[in-house]
Amino acid sequence: MSSQAAWIDEAEVVVLGGGVIGSSIAYHLCLAGMTNVLVLERNELSSGATARAAGLVCHARSDANITRMVSRTRAAMSELETLLGEPIGFRQVGAIRAAHTACGEQDMRVMESCLETEGIPAERIDAAAARQFCPWLELGDATRIIFVSSDGYVDGARLGMAYARAARLLGTRIRRGVEATGLVQETNKVCGVLTDQGPIRASHVVDAAGAWGPQISRWIGWGFPAAPTRSHYWITAPDGNGLAERPNVHLPDLRAYLRSEVGGLVVGLQEPHSRTYDPFKLAPDMGSLLLHDENGDLDLLVEQAAALRAVVPGIDDWRFAHHITGLSMYTPDGKFLIGAPDGIEGFVVAGGCCGSGVAASGGFGKTVADLVTGRQPDIDLDPFRPSRFGPTDPKSQEFRDRCSAARSGKSRGKPDPVYAGVT
Ligand SMILES: Cc1cc2nc3c(=O)[nH]c(=O)nc-3n(C[C@H](O)[C@H](O)[C@H](O)COP(=O)(O)OP(=O)(O)OC[C@H]3O[C@@H](n4cnc5c(N)ncnc54)[C@H](O)[C@@H]3O)c2cc1C
């Protein structure tokens, strides 16, 4: 598009996507003093991956920057509760993390050092103490166990809506049912968005469209380096197994996590090889995506439940009532994408959340707000540079396999060595 007599609207920043990330960005832009922020969401707010999240808010990471981003989320929750005058519903139940292999123990020590750097207390506990927290848990074979008291869980959609409501209170305009259909570019600068209702002028455009982020970046010819990757978890029947308010449990060597949920338990299992999808062929809303595979998923549950039996001896008595699936965006190195692609101005990518977008949403929002307003972010941006993988074809199977490996190794904080083709 050239000269724009036809602009229907204008904003300093247009955020594409009203999930937990886009809404947090809008909130933080307002906190940074921006007065003309516009969020465009083609469906309902927080109806994408955000609504499917297990909601774990975990500080133990293999990169201290991410631990800091999670801390920002916790701080933002307190601010939002004050601003909105109602609770967010964060359950600070703490988290137990257990290593069962030498590799797992090594990974855990890296995480502990990140926690220490960021001043997040973590204490060593033994299997008996873990059993006191969670009577169904048997960690006698674990080589190292820690407890992080500041961890917990939150409803991702509730947090996303709270950011959005706060952003609105502070002046952000949010337009639901408006779809971005293109970007307006002058040489190497993005200066507006095409929508199904007309073009909107913008000094900055933020791609916070989650699994659909690659579709947006493709409009400027840039290959978004993350793949829509299936994540899923089961929820057991509410028959008391969960014993409300027990700590989350992370078992990275078993690629599993568990947390309490209304009298039952959420049981998350990371597949050895997670499914990925062509980002250019996704239906426009998460609800229309067919992600279940009745037989395959049941086989996986049976297979992984067998591996869990040593740690959760009563698992065979649990009744599994629900299976929740959704798409997360994974990068090959398991780290986020934050910033402008090399050589492009006026455009910021905020995605590749690698299954941690709820937990890290506060840090995402603050970092993008810092970038847009020209402030120095308080995290090191280098590990998150969107162009760090070089030219990328996000739909290629080879690239998607690398992202899948990152998903499989998520709990350990790095791509799975088997599937990443490392040692
Ligand atoms: C099963 C599962 C479990 C998870 N568990 C956890 C967890 O325990 N802890 C954690 O931190 N994270 C978890 N995650 C990850 C977390 O859900 C995501 O990282 C986070 O929700 C990403 O938020 P988002 O705003 O980037 O994406 P989304 O919530 O998907 O939002 C993107 C939005 O962009 C909109 N959009 C797309 N294209 C356009 C367009 N062209 N125009 C206008 N709007 C558009 C979409 O409609 C959508 O609403 C989990 C994810 C899944 C699937």
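Just follow the structure's listing: the first ligand is 1, and inside any ligand the first atom is 1.
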Take the angle between the ring planes of F336 and F384 and call it parallel below 30°, perpendicular above 60°, tilted in between.
->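 Plane angle under 30°, so parallel.
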Show the atoms of ligand 1 that are less than 4.0 angstrom away from any heavy atom in [X].
X: L40; answer: 43 (C), 44 (N)
X: G48; answer: 29 (O), 30 (O)
X: G19; answer: 25 (O), 29 (O), 31 (O)
X: A359; answer: 10 (C), 11 (O)
X: G17; answer: 33 (C), 34 (O), 35 (C)
X: S231; answer: 1 (C), 2 (C), 52 (C), 53 (C)
X: R52; answer: 1 (C), 2 (C), 3 (C)
X: Y233; answer: 1 (C), 3 (C)

Answer with yes or no whether [X] contacts ligand 1, where contact means a heavy atom under 4.0 Å from a ligand atom.
X: L16; value: no
X: S356; value: yes
X: G55; value: yes
X: V178; value: yes
X: G156; value: no

Return each pair, listed once, that meets side chain to side chain donor-acceptor pair (under 3.5 Å) where at least one residue sits in residues 214-226; pairs must be two or more places apart or across chains.
->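 Of all non-adjacent pairs touching residues 214-226, those that pass side chain to side chain donor-acceptor pair (under 3.5 Å) are D207-S217.
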For ligand 1, which is the ligand I care about here, please tell me if [X] has any N or O atom under 3.5 Å from one of the ligand's N or O atoms.
X: A49; value: yes
X: L56; value: yes
X: Y257; value: no
X: H232; value: no
X: G355; value: yes
X: I21; value: yes
X: S46; value: no

Check: C58 and V148 side chains under 4.5 Å, non-hydrogen atoms =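 In short, these two side chains do not touch, never coming nearer than 4.5 Å.
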Which is it for T73 and L159 under the side chain to side chain contact (heavy atoms under 4.5 Å, CB included) test, yes or no, and what are the steps along the way?
-> CA-CA 10 Å; T73 307; L159 177 61; 4.1 Å; yes
Begin from the C-alpha positions of R388 and D333 and carry the test salt bridge (Lys or Arg N to Asp or Glu O under 4.0 Å) through to its verdict.
-> CA-CA 10 Å; R388 66 188 181 275; D333 60 6; 2.8 Å; yes
With sequence neighbours excluded, what pairs up with H322 under the ring-ring contact (aromatic ring centres under 6.0 Å, His included) test?
->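 With sequence neighbours excluded, H322 shows a ring-ring contact (aromatic ring centres under 6.0 Å, His included) to no residue whatsoever.
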Of the backbone atoms (N, CA, C, O) and the side-chain heavy atoms from C-beta on, which set of C354 has a member under 4.0 Å from an atom of ligand 1: side chain, backbone, both, or neither?
->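 The answer is neither.
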Centre of W212's six-membered ring, under 6.0 Å away, within 45 degrees of the axis: is that where NZ or CZ of R42 sits?
->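 Yes, R42 lies over the aromatic ring of W212.
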State whether Y153 and R259 meet the cation-pi test: NZ (Lys) or CZ (Arg) under 6.0 Å from the six-membered ring centroid, and within 45° of the perpendicular axis.
->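 Checked: cation-pi criterion met.
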Less than 4.0 Å between a side-chain N and a carboxylate O, is that true for R68 and E118?
->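 Looking at E118 and R68, the cut-off is met.
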Hey, are D9 and R201 close enough for a salt bridge, meaning a charged N less than 4.0 Å from a carboxylate O?
->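 The answer is no: the pair does not qualify as a salt bridge.
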Atom CD of Q197: over 12 foreign heavy atoms under 6.0 Å |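 Counting other residues, nucleotides and ligands, CD of Q197 exceeds 12 neighbours.
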Could you check V372, L371, V368 and say which one makes a side chain to side chain contact (heavy atoms under 4.5 Å, CB included) with H204?
->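 Single pass found, and it is V372.
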Does the salt bridge (Lys or Arg N to Asp or Glu O under 4.0 Å) test come out yes or no for R176 and E44, once each step is laid out?
-> CA-CA 6 Å; R176 290 173 297 140; E44 289 299 328; 2.8 Å; yes
